[in-house]
A.B. asks: 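Once you've had a glance at the structure underneath, I'll fire off some questions.
Numbering starts at 1 and runs along the sequence shown.
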Amino acid sequence: MNLIEYPSFRQQSDNHTAVLFVHGLLGDHLDWNGVVEQLSGLTDARCFGVDLPAHGAGAASVAEVGCDVAITFDTIGEQLRSCCQSIIQLGVSNLVLVGYSLGARVLMFALTHHYLQFPELKTLVIEGGSFGLENDQLRTDRRKHDNLWAQRFDTMSAETALSLWYQQPVFSDVSEQQRQMLIAQRKRNRLSSVAVMLEATSLGKQPYLLPKLLACDTPLQLIVGEKDNKFRTLYTHSGIPTTVVPNAGHNTHKDNPRFVANTLAQWI
């Protein structure tokens, strides 16, 4: 997992506050550029991102080592802990974590499984990440579903697999122009590597995390696009403070980066 500091867009006077952004499946740290640019006009906090295993600069290594390095929620939790430690060692005393989709899920797992026990951790912000599935049958069905997608990523052309991927209901608010842009961007991934990550972090392998999240001492915040009906319902009934972002769907920070940045600035 690669830790990257985003360029600063203005003189930073506060090196004690930092934000770490974690992207979703098929993305990389560049997905947060729009929010980071907006945020730089609102706060002096240092901004960092990661490339999850099988994504960004780490994609080739996963394909090369294959099963020699096990990718699990626990190993990702350990890597996130290491990234946070590296940031804190720079003198950071207030750390905010922000995750989208898969990035949100691995952060929630890491927090509830004691990988992120830092007094410097101020807030965990979740965007479009599922708390998990509540029974074994749902988890079994989801593992089958994700294994099928992993097989598609491993065997189909990138164009075909991604075209099918972005036709899923969760992306129903995405316009055809946006869909084509996403396909063009995501084709940069090595999909056979992403397939490994998809199977390893399937929602069917994730525990149901909401009870543990509600018991956490770390403050939590949820953000969701107003057009994302599934997650808006899930979040507003979760018992965790939720901000609904106007003019946005599932990929909230892409659809309305200014609003998301303004919201984050309140929690930094």
Side-chain angles (χ1 to χ4, degrees), residues 3 6 14-24 32 35-36 38-40 42-50 73 76-132 206-226 228 231-246 248 252-253 256-268:
L3 177 66
Y6 295 96
D14 177 15
N15 287 325
H16 301 294
T17 300
V19 185
L20 175 62
F21 294 94
V22 187
H23 63 82
W32 293 99
V35 171
V36 172
Q38 295 288 334
L39 198 59
S40 68
L42 303 170
T43 174
D44 292 331
R46 298 174 70 171
C47 292
F48 297 83
V50 296
F73 280 99
I76 294 171
E78 291 171 355
Q79 291 173 8
L80 287 169
R81 176 171 56 194
S82 178
C83 288
C84 290
Q85 288 172 332
S86 296
I87 295 171
I88 290 167
Q89 287 170 1
L90 298 174
V92 167
S93 55
N94 293 302
L95 178 60
V96 175
L97 305 179
V98 185
Y100 164 67
S101 194
L102 173 60
R105 294 200 292 114
V106 296
L107 282 173
M108 287 188 286
F109 179 91
L111 179 67
T112 56
H113 288 72
H114 310 296
Y115 291 106
L116 302 177
Q117 302 303 299
F118 304 111
E120 295 86 357
L121 180 54
K122 183 178 180 182
T123 307
L124 174 60
V125 183
I126 299 303
E127 175 197 340
S130 173
F131 304 128
Q206 175 186 315
Y208 183 61
L209 299 173
L210 184 56
K212 287 188 175 182
L213 289 168
L214 291 171
C216 277
D217 294 329
T218 301
L220 305 172
Q221 296 286 345
L222 307 177
I223 55 176
V224 62
E226 65 173 350
D228 188 354
F231 278 87
R232 191 179 66 200
T233 300
L234 179 69
Y235 282 5
T236 54
H237 291 87
S238 68
I240 301 173
T242 300
T243 300
V244 178
V245 179
T252 312
H253 66 279
N256 198 340
R258 177 172 294 183
F259 191 98
V260 170
N262 284 331
T263 302
L264 291 177
Q266 301 172 33
W267 302 326
I268 294 174

A.B. asks: Measure the spacing between CG of L107 and CZ of F21 and express it to the nearest 0.5 Å.
C.D. replies: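 Rounded to the nearest 0.5 Å, the CG-CZ separation comes out at 11.5 Å.
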A.B. asks: Taking only residues two or more places apart in sequence or in another chain, which ones pass side chain to side chain contact (heavy atoms under 4.5 Å, CB included) with L234?
C.D. replies: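 L234 satisfies side chain to side chain contact (heavy atoms under 4.5 Å, CB included) with F131, F231 once adjacent residues are dropped.
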A.B. asks: How long is the straight-line distance from CD1 of I76 back to CZ of R105, given to the nearest 0.5 Å?
C.D. replies: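 If I round to the nearest 0.5 Å, the distance is 9.0 Å.
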A.B. asks: When you look at T243 and F259, which way does the side-chain contact (heavy atoms from CB on, under 4.5 Å) test go after all the steps?
C.D. replies: CA-CA 10 Å; T243 300; F259 191 98; 4.0 Å; yes
A.B. asks: Grab the two heavy atoms, one from V36 and one from C47, that are nearest each other, plus how far apart they are.
C.D. replies: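 Here V36 and C47 meet closest at CG1-CB, 4.1 Å.
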A.B. asks: Say whether, by atom type as modelled, one donor and one acceptor occur between the side chain of T112 and the main chain of M108 under 3.5 angstrom.
C.D. replies: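 Between the backbone of M108 and the side chain of T112 there is a qualifying donor-acceptor contact (under 3.5 Å).
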A.B. asks: When rounded to the nearest 0.5 angstrom, what distance separates CG in L20 from CH2 in W32?
C.D. replies: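 Separation between the atoms: 10.0 Å.
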A.B. asks: Mind listing the closest non-hydrogen atom pair of E78 and Y115 along with its distance?
C.D. replies: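 Closest approach of E78 to Y115: CG-CE2, 3.5 Å.
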A.B. asks: Look up atom NE2 in H114 and atom CZ in R81, then write down how far apart they are to the nearest 0.5 Å.
C.D. replies: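 Answer rounded to 0.5 Å: 11.5 Å.
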A.B. asks: T236: which residues meet the side chain to side chain contact (heavy atoms under 4.5 Å, CB included) condition with it, sequence neighbours left out?
C.D. replies: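 Side chain to side chain contact (heavy atoms under 4.5 Å, CB included) check on T236 returns R232, T242.
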A.B. asks: From E127 CD over to Y235 OH, what is the distance, rounded to the nearest 0.5 angstrom?
C.D. replies: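 Reported to 0.5 Å precision, the distance equals 8.0 Å.
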A.B. asks: What heavy-atom pair brings L3 and C83 nearest, and what distance separates the two atoms?
C.D. replies: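 What the structure gives for the nearest pair is CD2-O, 3.9 Å.
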A.B. asks: Taking only residues two or more places apart in sequence or in another chain, which ones pass side chain to side chain donor-acceptor pair (under 3.5 Å) with Q221?
C.D. replies: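 Partners of Q221 under the side chain to side chain donor-acceptor pair (under 3.5 Å) test: none.
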A.B. asks: What is the minimum heavy-atom distance between F118 and C84, and which atoms define it?
C.D. replies: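 Distance-wise, the nearest heavy atoms are CE1-CB, 3.5 Å.
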A.B. asks: Would you say the side chain of T252 lies within less than 4.5 Å of the side chain of V260, judging by non-hydrogen atoms?
C.D. replies: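 They are in side-chain contact.
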A.B. asks: Going by the rule side chain to side chain contact (heavy atoms under 4.5 Å, CB included), which residues pair with R258 if we only count those two or more places apart in sequence or in a different chain?
C.D. replies: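 Checked R258 against side chain to side chain contact (heavy atoms under 4.5 Å, CB included); matches are Q38, N256, N262.
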A.B. asks: Under the rule for side chain to side chain contact (heavy atoms under 4.5 Å, CB included), what residues qualify as partners of P207, not counting sequence neighbours?
C.D. replies: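 Expected list: F109, H113, L209.
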A.B. asks: Considering all heavy atoms of both residues, which atom of V244 and which atom of G225 are nearest to each other, and what is their separation?
C.D. replies: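 Taking every non-hydrogen atom into account, CG1-C, 4.4 Å.
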A.B. asks: Without placing hydrogens or testing angles, list every side-chain donor-acceptor pair under 3.5 Å for residues 88-102, not counting sequence neighbours.
C.D. replies:
from, atom 1, to, atom 2, distance (Å)
S93, OG, H16, O, 3.4

A.B. asks: Roughly how far, to the nearest 0.5 Å, is the CD1 atom of I240 from the CG atom of L213?
C.D. replies: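 The CD1 atom of I240 is 5.0 Å from CG of L213, to the nearest 0.5 Å.
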A.B. asks: Of all heavy-atom pairs between L39 and A261, which one has the smallest distance, and what is that distance?
C.D. replies: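 Between these two residues, the closest heavy atoms are CD1-O, 3.4 Å.
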